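Here's the structure, in C-alpha cells; my notes come after.
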Amino acid sequence: MELFEPKLSFIPQLDNTFLLRSVTLTPNGCYSAGPAREGLPAGQVVTPETVPVILELRLFDGICHQAIKPVYHQLPVVLGPGKNQVTAFVVLDGEVLGQATGRPGESTMKALAPDCFPTEDWIAIDNQMPPGPRALYVAGTVVAPTPGYTARLEAGASIPVPNQLPLSLIVEKLPGVWPPVVTPIPVRYDQQPYDGGYETVAINQGDCPTVVIKITEAH
C-alpha cells in the first residue's frame with residue numbers, strides 16, 4: 001500500500017446509499033483527517049459513471065512522531081442513476097496527493113456466520129524509519145452492528161505457519177440496549193522493539209475465517 005493512496009471499502013446502507021470508508025497511509029504523525037465530502041478537485045476529471053469525493057488531510061507544522069500513520073475517513077455516498085463507482089482524491093491544501101477508485105459490488109463484505117464480525121482496512125507495517133527503534137504495528141477495523149461492542153487484538157496462537165505472526169481478534173458485547181447503528185471499531189496491535197522474521201500476519205477470530213495480511217516495510 002503506497003503512501004497517500006487511499007484504500008476504499010463500502011458498507012451498504014439504505015437504498016443506493018453506501019458508507020464509504022477509507023484508510024490512507026501518511027509518512028508521520030503530523031497528518032490527520034480533515035473533512036470528507038463529495039466533490040472534484042480543481043484540474044481533475046472523472047467518467048460519467050463516477051462519483052468523485054475529496055478526502056482532506058491536515059498537516060501539523062511542528063515536531064511529530066516519525067512513524068507511518070493511517071488516517072481514516074468515512075462519508076455516506078449515494079450512487080444515483082448511472083453511477084456505479086467512486087473515485088476518492090486525497091487532498092492537502094488543494095494539492096492531490098493520491099487517489100483510488102472502487103465499486104461497492106467489488107468490495108462489500110461477504111456474509112459471515114452470526115458470531116463472526118466483518119473486518120476491513122487491515123494494514124501491517126514493519127516500521128524501519130529513523131530514528132527507530134524498529135517496530136511492527138497491525139491495524140484494522142471491526143464492523144459491529146451496534147455501538148455496544150468493544151474489540152482488541154492480542155498475541156494469539158494458531159496452526160504454525162512459517163514466517164506468520166498469529167493474532168487473536170477479541171470482540172465483546174457491552175451490557176445494555178444499543179441502537180441498531182453500524183459502528184466501525186478501530187483495533188491496533190504494536191510490537192516494539194521488533195526484530196523482523198515475519199512476512200504475514202494472521203487475524204484469528206474464533207472459528208471465523210482467518211484474515212491474512214502481508215507485512216509492508218516502511219523505510
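What you see below is based on every heavy atom in this structure, not just the backbone, and it leaves out hydrogens, waters and symmetry mates. Since the structure is predicted, the reported quantities are computational estimates derived from the model, not experimental observations.
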Hey, does the side chain of Thr87 reach the backbone of Gln85 with a donor-acceptor pair shorter than 3.5 angstrom? no
In the structure I gave you, are the side-chain heavy atoms of Glu38 and Pro52 within less than 4.5 Å of one another anywhere? no
Do you know the tightest heavy-atom contact between Tyr149 and Ile185? O-CD1, 3.5 Å
Close side-chain approach of Leu79 and Pro104, heavy atoms under 4.5 Å: yes
Please round to the nearest 0.5 Å and tell me the distance separating atom CG of Asn127 and atom CG of Leu136. 9.5 Å
Cationic N near anionic O, under 4.0 Å, Arg58 to Glu56: no
As a quick check of understanding, evaluate side-chain contact (heavy atoms from CB on, under 4.5 Å) for Val86 and Leu20, giving each step before the final call. CA-CA 9 Å; Val86 174; Leu20 169 67; 4.1 Å; yes
What are the two closest non-hydrogen atoms of Leu8 and Ala100, and how far apart are they? CD1-O, 3.6 Å
Pair Glu120-Ser9, side-chain donor/acceptor within less than 3.5 Å: yes
Any side-chain heavy-atom pair of Leu25 and Ile125 under 4.5 Å: yes
Nearest 0.5 Å, please: how far is CZ in Phe10 from CZ in Arg103? 10.0 Å
For the NZ atom on Lys214, are there more than 12 heavy atoms of other groups (residues, nucleotides or ligands in this structure) within a distance under 6.0 Å? no
Nearest heavy-atom pair of Val78 and Val51: which atoms, and what distance? O-CG2, 4.1 Å
Could you check whether any side-chain heavy atom of Trp122 comes within less than 4.5 Å of a side-chain heavy atom of Val187, counting everything from C-beta outward? yes
With sequence neighbours left out, the residues meeting side chain to side chain contact (heavy atoms under 4.5 Å, CB included) with Leu59 are Cys30, Tyr31, Leu92
Would you say the side chain of Val201 lies within less than 4.5 Å of the side chain of Ile215, judging by non-hydrogen atoms? yes
Distance, nearest 0.5 Å, that separates CD1 of Ile170 from CZ of Arg152: 4.0 Å
Are the side chains of Glu217 and Gln128 in contact, using a 4.5 Å heavy-atom criterion? yes
Val96 and Gln44: CA distance, side-chain angles, deciding distance, side-chain contact (heavy atoms from CB on, under 4.5 Å) verdict: CA-CA 9 Å; Val96 176; Gln44 302 294 320; 3.9 Å; yes
Pair Lys7 + Asp121, salt bridge at N-O below 4.0 Å: no
Can Leu165 be reached from Val211 by stepping across I, L, V, M, F, W or Y side chains whose heavy atoms are under 4.5 Å apart? yes
Do Leu97 and Leu3 sit in one hydrophobic cluster, given that two such residues count as connected whenever their side-chain heavy atoms are within less than 4.5 Å of each other, even indirectly? yes
Between CZ of Arg188 and OG1 of Thr141, what distance do you get to the nearest 0.5 Å? 12.5 Å
Which pair of non-hydrogen atoms, one from Phe117 and one from Ala144, has the smallest distance, and what is that distance? CD2-CA, 4.2 Å
Using a 4.5 Å cut-off on heavy atoms from C-beta on, say whether the side chain of Leu75 contacts that of Val53. yes
Check the pair Leu169, Val142 against side-chain contact (heavy atoms from CB on, under 4.5 Å), reporting the backbone distance first and the verdict last. CA-CA 9 Å; Leu169 173 61; Val142 177; 3.8 Å; yes
Is it the case that Asn204 and Thr210 place a side-chain donor and acceptor less than 3.5 Å from each other? yes
Report the C-alpha distance between Ile213 and Val138 in whole Å, list the side-chain angles of each, state the deciding distance to 0.1 Å, and finish with yes or no for side-chain contact (heavy atoms from CB on, under 4.5 Å). CA-CA 9 Å; Ile213 316 159; Val138 181; 4.1 Å; yes
Heavy atoms of Ala88 and Leu55 approach each other most closely as CB-CD1, 3.8 Å
For Pro27 and Met129, which heavy atoms make the closest approach, and how far apart are they? O-CE, 3.8 Å
Asp126 with Arg134: basic N within carboxylate O range, under 4.0 Å: yes
Heavy-atom neighbours of Asn163 CG exceed 12 at 6.0 Å: yes
d(Tyr137 OH, Gln191 CD) to nearest 0.5 Å is 14.5 Å
Would you check if Tyr72 and Thr24 make a side-chain contact, meaning some heavy-atom pair closer than 4.5 Å? no
Rounding to 0.5 Å, atoms CZ (Phe4) and OG1 (Thr26) come to a distance of 6.0 Å
So with a 6.0 Å cut-off around CG of Leu174, is the heavy-atom count from everything else above 12? yes
Val90 reachable from Ile123 in the ILVMFWY side-chain graph, under 4.5 Å edges: yes
